Protein chains: 2
Amino acid sequence: MSAELIRDAALIHFAKDGYEGASLSKIAKDVGIKKPSIYAHYKGKDELFIAVVKYVLDTEKRRMFSYFLSQKENPLENRLKGFFTWMAEENRENEHAKFLLRISYFPPSKLNREVMDFVNPFFHQMQRLLARVLKNQLTNDSNRSDDFMDEALAYITIVDGSVIELMFNGEEYFLKRFSATWPIFWRGLLTTGKGADEK
Amino acid sequence: MSAELIRDAALIHFAKDGYEGASLSKIAKDVGIKKPSIYAHYKGKDELFIAVVKYVLDTEKRRMFSYFLSQKENPLENRLKGFFTWMAEENRENEHAKFLLRISYFPPSKLNREVMDFVNPFFHQMQRLLARVLKNQLTNDSNRSDDFMDEALAYITIVDGSVIELMFNGEEYFLKRFSATWPIFWRGLLTTGKGADEK
DNA sequence: GTCTATAGTTGGATAGAC
DNA sequence: GTCTATCCAACTATAGAC
């Protein structure tokens, strides 16, 4: 029980203040216990941090996958566009996305390698999922050798560029970036030649 | 003299470890002085940090503007593409870009507002500069009412999405994102209707 | 302007009672 | 598992000699 409460409180503090800025005393205070009690559940700050990393990656992976798979009946453009608003909602509701971004881009120097060994496979998996979706929707010939990994990466790039604004300046500016970028991206995607046979 | 040396050393530490993670002792050590000597030049850590923010924004603004203005003879696509490699070089050579990104996306909570009051006008100015360049190059009719602010914002979005990967996983992956995204973006930009009369 | 010395606080972490 | 008490290291910041 307590272990999960500590983890959830730590998540918020790490997202807000980073690894160095977060303090175990404040985390304990949020949970309603004293600092030393944390050590009954985690060996120290590092182990707590890594536990949060694992937890966030795991739940976010599930949520993202289930979003994309729940949208199978939707046409591709709506599905891809919907992901932006889904991200905005995710970000409004919970601190997971914020934590994920912060530790992805600026992990604590001394835990850099360990963190990246968790984070990199996560993003790679996302890219492969997207590539599969794009391939299924943009071409009728499933035997074509295109893997659509470039298109998936481009999509991730504009998502990242928009999401960064979401953290930075909030939802209003995030949606501005999205509205400005999406029409250009979508037109460019459909004229790749690859997308020529899209219905 | 010393004030500038302290500022430059602080820049590197803030970029690497963030506001909370950086320590005045280590900064002083890099300069070759003792910690209390810093207080002869800056009131404290906050003032030093804000001084670095101002300095970085000022010099980066100059550098970015002069890059774009030095490229007037280059065709638009090369100029826009060249900005990506320019960013990669900037990032390789100096810590300014890294600092700028870090404090833009994750400023110290207690200085958030003050930092943003410096950072936001900076990015807005970049957007207007880009919009002007795009308008001049993509249309022959300078009286058209299009302000090309959306197109500029879309460009900034893909730059951000790529640059984030530059910090995250280094130049190799940055260039992957760029190569994947650029052709789609460029094709989309030229088929906006707005760009129809581009030479 | 730079130093030594030190105050004052907070950080992570441990020992041991209950 | 949670607490009190405590340790030790690190931090920002200040006082005062030179």
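Numbers restart at 1 for each chain; the letters A, B, ... are given by sequence-line order, proteins then strands. These numbers were taken from a predicted model, which means no experiment stands behind them. Keep in mind that the numbers below use all heavy atoms, side chains included, and drop hydrogens, waters and symmetry copies.
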According to a strict under-4.0 Å criterion, is A:Ser37 in side-chain N/O contact with OP1 or OP2 of D:dG1?
no
Atom-to-atom span, NE2 of A:His41 to P of C:dA13 - whole angstrom
16 Å
Between P on C:dA5 and NZ on B:Lys34, what's the gap in Å once rounded to a whole number?
11 Å
Sub-6.0 Å ring centroid separation between A:Phe49 and A:Phe14
yes
Just how far, in rounded Å, is P of C:dA13 from OH of A:Tyr42?
14 Å
Please say whether the positively charged group of A:Lys45, taken as NZ for Lys or CZ for Arg, lies over the ring of A:Tyr19, i.e. under 6.0 angstrom from the six-membered ring centre and within 45 degrees of the axis.
yes
Tell me what B:Ala22 touches on the nucleic acid: a base, only sugar-phosphate, or nothing, going by heavy atoms under 4.0 Å.
sugar-phosphate
Any cation-pi pair here, B:Lys54 with B:Phe118, using under 6.0 Å and within 45°?
no
Just checking B:Phe83 against B:Phe68, ring centres under 6.0 Å apart?
yes
Taking only N and O in the side chain of B:Ser2, is any of them less than 4.0 Å away from OP1 or OP2 of C:dG1?
no
On the nucleotide C:dT10, are OP1 or OP2 found under 4.0 Å from the side-chain N or O atoms that A:Ser23 carries?
no
Less than 6.0 angstrom from the centroid, inside 45 degrees of the normal: does B:Arg7 satisfy that with respect to the ring of B:Tyr55?
yes
Tell me: OH of A:Tyr39 to C1' of D:dT2, nearest whole Å?
15 Å
Just N and O in the side chain of A:Ser25: are any of them under 4.0 Å from OP1 or OP2 of C:dT10?
no
Could you tell me whether the side chain of A:Lys35 has a donor or acceptor atom within less than 3.5 Å of a complementary atom in the base of C:dG12?
yes
By nearest heavy atom, map A:Glu20 and A:Lys43 onto DNA chain C; which one lands nearer the 5' end?
A:Glu20
Mapping A:Gly21 and A:Pro36 to their closest nucleotides on DNA chain C, which lands nearer the 5' end?
A:Gly21
Distance check needed: D:dC11 P versus B:Ile38 CD1, whole Å only.
11 Å
With a cut-off of less than 4.0 Å, is there a side-chain N or O of A:Lys45 near OP1 or OP2 of C:dG12?
yes
Take the protein atom CD1 of B:Ile6 and the nucleotide atom P of D:dA13, then report the distance between them rounded to whole Å.
14 Å
For A:Phe49 and C:dG12, give me the distance from atom CZ to atom P, rounded to whole Å.
13 Å
Separation of A:Glu47 atom CD from C:dA13 atom P, in whole Å?
10 Å
